[in-house]
Structures are given as structure tokens and as C-alpha cells.
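I have placed the structure first, in the form of C-alpha cells, so that the comments after it can refer back to it.
Chain identifiers are assigned alphabetically (A, B, ...) following the order of the sequence lines, protein sequences preceding nucleic acid strands; residue numbering begins at 1 within each chain.
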Protein chains: 2
Amino acid sequence: MDWSNLPSLAALRAFEAAARHQNLSAAARELNVTHAAIAQHVRSLEAELSTPLLFRSGRGVALTEEGRHLAQHLSEGFEVIAEGVSALQRSKEGRPLSITVTPSFAANWLMPRIGGFWQKHPEISLSINPSVSLIDLRRDGFDMAIRFGNGQWPGVSSELLTSGEFWVVGSPKLLNTNSKIGLSDAGVYPWLIDLHMLEWRQVVEDAGLDLNTVEMTSLETNELVLSATVAGLGVSVHPRSLVEREVAFGTLVQITSLPRTDLGYHLVTLPRPLDAKERAFRKWLMVEAKT
Amino acid sequence: MDWSNLPSLAALRAFEAAARHQNLSAAARELNVTHAAIAQHVRSLEAELSTPLLFRSGRGVALTEEGRHLAQHLSEGFEVIAEGVSALQRSKEGRPLSITVTPSFAANWLMPRIGGFWQKHPEISLSINPSVSLIDLRRDGFDMAIRFGNGQWPGVSSELLTSGEFWVVGSPKLLNTNSKIGLSDAGVYPWLIDLHMLEWRQVVEDAGLDLNTVEMTSLETNELVLSATVAGLGVSVHPRSLVEREVAFGTLVQITSLPRTDLGYHLVTLPRPLDAKERAFRKWLMVEAKT
DNA sequence: CCATAATGTAATCCAGACTTACATATTGAA
DNA sequence: TTCAATATGTAAGTCTGGATTACATTATGG
């Protein structure tokens with residue numbers, strides 16, 4: 001496409017509206033400008049094309065032969081463009097809000113609570129995609145993501161959902177108790193670790209336990225780690241939000257808590273204004289995360 | 001058409017170009033702007049539509065699903081618009097240059113000279129429309145007009161072609177001489193006048209002849225007046241340019257000349273830049289008028 | 001691993017779009 | 001015919017959105 005000898009789009013749009021209404025003032029109202037703006041655009045178009053397009057006709061204007069042909073094309077073209085934009089907006093309306101979350105957060109935090117969101121916003125359908133990989137929101141077409149980390153990711157905005165602590169947990173059967181036993185005592189048990197969640201290592205060592213002295217078993221996912229821990233195969237470390245329900249139910253015992261305010265689950269979005277659905281989900285998430 | 005929730009056309013065009021090239025810098029070159037301008041437009045579009053449209057992909061960018069659909073529509077729409085504009089320009093190319101002139105000017109000034117224009121510009125076809133009425137250049141689709149008057153017409157530009165004098169003329173047979181006889185002596189002959197050209201009355205009276213004392217015969221057109229004068233039926237007044245050839249040939253005798261610099265034939269155009277054909281015709285006219 | 005060629009983005013600048021203000025023109029009704 | 005209402009025409013000045021500039025970052029290919 002060669003734009004070099006095309007008049008300004010604003011002028012073409014002004015002329016299209018004027019031609020459609022056969023009335024400069026009506027066109028001006030449609031485009032939310034004054035009649036003078038329309039008149040100037042039309043004049044500049046006529047000068048650029050060296051052709052009269054409109055002439056005054058009583059109250060209003062009429063089209064010359066050339067003007068009628070041009071207006072025809074312009075209306076059609078702008079119509080196609082407007083249709084394209086509104087199709088995009090409509091398709092966005094109908095599509096479910098699409099979220100990607102880590103599997104463990106989905107299973108242990110989001111799923112137990114999501115019923116409340118559905119009750120509160122039955123009109124918003126939600127598509128939840130559990131995935132560990134650091135996906136690209138743009139490329140993969142997700143509206144939002146929930147990821148664990150320090151919130152410093154390039155090219156996206158992130159907002160802290162839950163933070164504060166890692167809890168070291170084990171099953172009451174394994175530990176033979178229902179109360180805290182302290183980090184150093186936990187060193188005697190086998191440690192179950194998730195290959196994909198490595199942030200906790202530094203936290204544990206900062207808290208004074210040398211991980212080289214403990215027996216560790218790697219599992220593929222945090223889900224496996226959690227169920228193995230519940231089954232009494234060892235102890236493990238998790239963000240508080242993932243295990244506080246298990247601890248409350250007594251299926252797990254909190255051995256100790258390791259405070260770290262710089263890490264946590266974040267709601268990650270592209271740096272753009274959120275639409276209505278996204279705002280609703282974000283608000284619900286924030287309220288849930290605070291209670 | 002409701003433009004109120006349509007993004008800016010400049011942004012849409014920038015995105016369309018970026019999508020077509022899958023490359024912001026190439027789009028920028030096409031639109032003669034910098035890559036930053038394109039990037040900003042795309043960002044603002046994504047913000048306005050709450051949808052990612054492009055994502056970075058190596059050297060260049062790739063389209064998201066939504067982006068592809070939108071770009072499709074935009075390309076089509078802009079294509080239709082560009083086609084409309086270029087069709088107008090092409091149709092203008094092929095059409096003859098269309099001029100309207102007064103019949104007497106056509107017959108007595110333009111036609112004797114027009115062969116020279118055709119020789120000089122064989123590529124420019126010319127449509128000459130003889131008409132007395134004060135036509136509307138816009139409404140009636142003429143490119144240029146030649147009209148007699150003082151050049152003060154509203155809404156158009158006019159440029160003086162010939163001016164200076166009215167000549168009072170008669171046939172040598174009627175006057176029984178081949179040389180000037182003076183205005184007062186002309187009062188004894190019948191005067192032939194054109195119903196449509198009334199400017200000369202004031203000129204003649206200013207020169208000292210009381211028209212109430214002369215016998216006058218009205219004819220329908222200046223053509224009739226001229227041929228009646230040549231036939232010796234009376235004397236008449238014409239702009240010099242219309243009769244100087246007849247006088248040179250001896251078919252008419254110049255009785256006297258009445259200088260008036262404020263009246264003359266003017267080239268009348270709409271107030272806009274002339275295109276190539278128009279400039280060529282205007283230039284030729286001006287040269288002819290000066291010789 | 002460097003040279004090259006992209007994109008990303010904040011700060012600043014500027015031209016073109018828009019408004020204002022006033023003049024003129026047309027219509028319909030008193 | 002005149003007046004009120006509603007148009008268009010256009011010059012002058014204002015202002016904002018689009019553009020440039022400048023610098024940083026990122027990806028590719030040799």
C-alpha cells in the first residue's frame with residue numbers, strides 16, 4: 001500500500017460524514033467537532049484532489065459527481081474498518097476470561113475459593129489453565145496470570161496477592177505431634193522438594209538449616225510433593241497460602257514458618273487498562289487474598 | 001456510522017502497516033515516520049481495545065489471533081479507501097479539460113487561436129462549452145471558465161486575460177471610410193446591442209455620447225450583433241480583443257476606442273491549486289493574451 | 001561474541017486539527 | 001417583506017495528539 005499520495009484520513013472521514021449527511025453541521029455533530037473543522041477538511045481535500053466534491057445547496061450541501069463516487073468508496077472502507085474493530089470488541093465480550101495459574105496454586109488456593117466467584121459473578125465465565133511454564137501473556141492469549149516470585153518481571157505489571165511466609169510442614173503421623181517442632185528438628189526427616197520451585201532453598205538456608213545435611217527427594221510437581229507430604233513420606237516447604245487450609249484441617253502440621261515478604265503469589269497482567277471482567281476478577285482475588 | 005468508540009485512524013493505519021510487514025521499522029518507513037511512532041500507536045491501540053495485538057518475535061513482531069483478524073479488516077478497508085481516491089485521480093487524468101466560455105469570445109478570440117494550443121499540447125484534450133449564463137463551476141463540473149467583467153466574483157479566483165479598451169466598430173461600407181471617425185459622429189448610425197452584454201453602456205456614456213439620442217436595435221447574442229455590424233446594419237461596441245482581427249482584415253472599421261482598464265475577459269477558476277493540464281492551458285492563454 | 005538490526009519507552013517538540021468569532025446565505029413563518 | 005432559525009465560509013489563534021529524539025534492551029547471524 002502506498003500512502004504517500006493519500007489525503008489525511010481525518011479529512012477523508014470528515015468528508016465521508018459530510019457526504020452521508022449532505023450537511024456539514026450534522027457531520028460535525030456526528031464527529032463531535034465544529035462545522036468549521038469539517039468545512040476545512042473538505043476544502044483541503046478538494047485542494048489536494050484538485051476537484052470540487054461538495055457545493056452549497058440551500059440549507060446543506062450536495063455532492064458533485066466525483067464527490068459521490070469518492071464518498072461511496074469511503075463509506076464502504078470505513079464501514080469495513082469499523083466492523084473489524086467492533087467484531088474484535090464483540091468477540092472479546094463473548095470469550096471467557098482466560099487465566100493461567102500454577103497447578104499447586106490452582107489446587108490449593110484457587111479451587112477451594114472459586115465457587116464464591118462464580119456465585120458473585122455468574123455472568124463471567126472463566127477459563128483456568130494450570131501451567132508451570134513462564135508463559136507469554138501476549139503470545140499465548142491469556143488475559144491474566146498468577147505466578148510465584150518477587151514481582152519483578154519485565155514487560156508486565158504485577159500485583160502482590162499473598163506473601164509473607166513459607167511454612168515447613170509434615171504429616172502429624174510422621175512427626176508424632178500436632179504442634180510446631182522448629183526448623184532444626186525438621187532436619188532429621190526426609191525433605192520432599194519440587195523441581196520447579198526453587199525459591200525456598202535460599203529461604204531455608206537463611207533460616208539456619210544446612211540443606212547439604214538433609215536427605216532430599218525431588219518430585220516432578222508441587223502437587224506430588226504435597227500429597228507425598230500428607231502421606232507422611234517427608235516434610236516440605238510451601239508458601240503459607242498453599243497449606244494453611246491443610247494445617248487448619250489437621251492433615252498437615254506446621255513445623256515452622258519462615259517469613260519472607262519479598263516473595264509471594266502475584267497477579268500478572270499486561271501493562272494496559274483492565275476491562276470490566278478483568279477488574280471484577282482482580283477485585284475478587286484481592287479481597288479473598290486478604291481474608 | 002458511530003465513530004465514538006473507534007480508535008484513532010492514525011493508530012489503526014499504523015497497526016495495519018505493522019501487521020502487514022510484521023515489522024515496526026518497515027511500517028515506519030512506509031508511513032514516513034519513526035519506529036517509535038508506530039510502537040506508540042500500537043500500544044495505544046492495545047490499551048484501547050484491551051487486547052494484545054502484536055508480540056515481539058525475534059527481529060520483528062508477530063500477530064496474535066485477534067491482531068490477525070483486526071489487521072485483515074483494516075487492510076481491506078484501507079484498500080477500498082485508497083482505491084476510491086486513486087480512482088478519482090485516474091478518472092481526472094483521462095477526462096478532457098473542460099472549459100466554459102462566452103460564445104462571442106469563443107468564436108472571435110479562442111477559436112482562431114486554439115489550433116496553436118492543440119499543436120503545443122496534443123496530449124491535452126479540451127472540451128469547450130460556449131455559454132452565456134453565469135454557471136457554477138462546482139455544480140456544473142467545469143474546470144475553468146472565461147467570462148467578461150471586472151473580476152470581482154464571489155467564491156472564485158479570477159485572473160485578467162485581456163483588458164483595456166472597448167472599440168466602437170462599423171463596416172467600411174456603412175461608414176464610407178476606412179479610418180476613425182470619432183464617437184460623436186457615430187451617433188448618426190443605428191446602434192446594434194447585445195441584450196446580455198450591458199457593461200459597455202456606461203463606458204459609452206462616460207465617453208460623452210448620450211445613448212438616448214441614438215437609434216438602438218437589440219439582438220439576442222453578441223454573435224448576431226457582430227455579423228449584423230459586418231453586414232453594415234449599424235455600429236456596435238465590443239471589447240477590443242473580439243474585433244481587432246476583423247479590423248486588421250478590414251471587414252470592420254474602428255470608429256473609436258474607449259479605454260477602460262477595469263473591465264475585461266477573465267480566466268475564472270475555483271480557489272484551489274491547478275493541476276498540470278489546467279496550468280498548461282492557463283499559461284498558453286496568458287501568452288496568447290499578451291501578444 | 002560482536003556487529004547489526006530490531007523493539008521499548010520516556011521526554012520533548014511541533015504541525016495539523018480544532019475552536020472561536022464573525023460574516024454571509026437560505027428557508028419558512030409571521 | 002422581514003425576522004428568526006439554521007446553514008455554510010473563512011481567518012486567526014489555540015492546543016493536543018502524533019511525531020521525533022535519545023537511550024536502553026533484545027535478538028539474529030556471521
Taking atom P of D:dT16 as reference, at what distance in whole Å does atom CD of B:Gln40 sit? 17 Å

Positional range of nucleotides in DNA chain C within the contact set of chain B, heavy-atom, under 4.0 Å: C:dT4 to C:dA11

Looking at A:Trp153, is A:Arg147 sitting on its ring face, NZ or CZ under 6.0 Å from the six-membered ring centre and within 45 degrees of the normal? no

Please determine whether the number of non-hydrogen atoms from other residues, nucleotides or ligands lying under 6.0 Å from atom CD of A:Glu48 exceeds 12. yes

Pick the nucleotide of DNA chain D nearest each of B:Pro271 and B:Ser44; which residue has the one closer to the 5' end? B:Pro271

Pairing residues for B:Arg95 by the side-chain hydrogen bond (donor to acceptor under 3.5 Å, both in side chains) criterion, not counting sequence neighbours: A:Glu66

From A:Arg272 atom CZ to A:Glu278 atom CD, the distance as rounded to the nearest 0.5 Å: 4.5 Å

For a quick check, with a 4.0 angstrom heavy-atom cut-off, what is the B/S/- contact string for nucleotides 23-30 of chain D, read 5' to 3'? ---BSB--

Looking only at heavy atoms, what is the nearest atom pair of B:Ala106 and B:Val101, with distance? CB-CG2, 3.5 Å

B:Leu161 CG to B:Lys290 NZ distance, which is reported to the nearest 0.5 Å: 9.5 Å

Earlier contact from the 5' end, DNA chain C, for B:Val61 and A:His41: B:Val61

Do the side-chain N or O atoms of B:Thr34 get closer than 4.0 angstrom to the phosphate oxygens (OP1, OP2) of D:dA19? no

Sorted by number, the residues of residues 13-32 of chain B with heavy-atom contact under 4.0 Å to DNA chain C: B:Asn23, B:Leu24, B:Ser25

Decide, yes or no, whether a salt bridge links A:Arg90 with A:Glu93 under the criterion of side-chain N to carboxylate O below 4.0 Å. no

Any side-chain heavy-atom pair of A:Thr51 and A:Leu70 under 4.5 Å: no

Without swapping roles, check the side chain of B:Lys92 against the backbone of A:Ser50 for a donor-acceptor pair under 3.5 Å. yes

Hey, can you pull the donor-acceptor pairs under 3.5 Å for the side chains in residues 35-45 of chain B, sequence neighbours left out?
residue, atom, partner, partner atom, Å
B:Ser44, OG, B:His41, O, 3.1

Gap between atoms CZ and P, on A:Arg43 and D:dT8 respectively (whole Å): 13 Å

Residues which pass ring-ring contact (aromatic ring centres under 6.0 Å, His included) with A:Tyr265, listed by chain and number, not counting sequence neighbours: A:Phe105, A:Phe148

